[in-house]
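Here the structure is laid out as structure tokens; the discussion comes afterwards.
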Amino acid sequence: MHGYHMFELSDDEMKRLSAEVRERHGQFLTFARFADVVLSLFEDIPGLECLPDTAANPLLHQLWTIYHDEGHYQEVRTRIRCDH
């Protein structure tokens with residue numbers, strides 16, 4: 001590992017990036033499609049545009065967890081609101 005820790009994103013940055021994916025593409029992407037979308041977004045983020053797979057994969061999985069969990073939370077909240 002060559003010190004790719006400099007490519008880490010803060011919790012807030014990761015939440016914002018996940019929210020952006022959800023807003024642009026919805027909350028029901030497969031992991032493969034999600035990864036494609038995020039990697040294309042990385043190309044526009046200084047320092048992440050040339051990120052090697054070994055450093056990108058952990059970020060993708062962390063972002064996927066946030067995307068999936070917050071999407072599920074929003075779906076449940078919407079369902080609860082509609083049930084009342």
Side-chain angles (χ1 to χ4, degrees):
M1 301 291 161
H2 293 97
Y4 291 115
H5 63 276
M6 65 187 204
F7 299 115
E8 290 179 2
L9 298 171
S10 71
D11 288 344
D12 186 55
E13 289 170 326
M14 291 183 29
K15 286 179 182 179
R16 283 186 293 163
L17 190 56
S18 294
E20 183 174 339
V21 171
R22 193 176 310 101
E23 288 172 18
R24 290 185 182 188
H25 301 278
Q27 63 189 35
F28 300 108
L29 295 178
T30 63
F31 179 77
R33 179 68 181 127
F34 174 83
D36 288 342
V37 168
V38 170
L39 290 173
S40 71
L41 290 173
F42 281 0
E43 292 175 6
D44 296 327
I45 300 172
L48 296 181
E49 70 273 14
C50 297
L51 197 62
D53 289 347
T54 55
N57 285 336
L59 278 177
L60 282 173
H61 285 281
Q62 289 176 306
L63 287 163
W64 171 254
T65 299
I66 294 167
Y67 168 83
H68 183 265
D69 289 351
E70 289 189 358
H72 176 73
Y73 175 71
Q74 287 180 350
E75 178 186 1
V76 169
R77 280 183 39 211
T78 302
R79 194 175 323 129
I80 291 170
R81 254 196 320 263
C82 293
D83 288 345
H84 288 119

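Heavy atoms only: backbone and side chains are in, while hydrogens, waters and symmetry mates are out.
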Margin query: Taking the side chain as everything from C-beta on, heavy atoms only, tell me whether Arg22 gets closer than 4.5 Å to Tyr67.
Written below: yes
Heavy atoms of Leu59 and Leu9 approach each other most closely as CD2-N, 4.2 Å
Within 6.0 Å of CG in Asp12, more than 12 heavy atoms from elsewhere:
yes
dist Ile66:CD1 -> Arg16:CZ (nearest 0.5 Å) comes out at 12.0 Å
Self-check item: From CA spacing to verdict: side chain to side chain contact (heavy atoms under 4.5 Å, CB included), Arg33, Thr30
Solution: CA-CA 5 Å; Arg33 179 68 181 127; Thr30 63; 3.5 Å; yes
Residues Ala56 and Leu39: closest non-hydrogen pair is CB-CD2, 4.2 Å
Rounded to the nearest 0.5 Å, the NE2 atom of His68 sits from the OG atom of Ser18 at a distance of 12.0 Å
Between Arg24 and Leu41, the two heavy atoms sitting closest are NH1-CD2, 3.6 Å
Assess the residue pair Phe34 and His25 against the criterion (ring pair (Phe, Tyr, Trp, His ring centres under 6.0 Å)); give the C-alpha distance rounded to whole Å, side-chain angles, the decisive distance to 0.1 Å, and a yes or no.
CA-CA 9 Å; Phe34 174 83; His25 301 278; 9.5 Å; no
Leu29 and Gly26 have their tightest heavy-atom pair at CG-O, 4.4 Å
When rounded to the nearest 0.5 Å, the distance separating CD of Glu43 from CG of Leu51 is 11.5 Å
Value for NE2 (His61) from CG (Asn57), rounded to nearest 0.5 Å, stands at 5.5 Å
With side chains defined as the heavy atoms from C-beta onward, is the minimum distance between Phe42 and Leu17 less than 4.5 Å?
yes
- prompt: Is the side chain of Glu49 donor-acceptor paired with the backbone N or O of Gly47 at a distance under 3.5 Å, no angle test?
  reply: yes
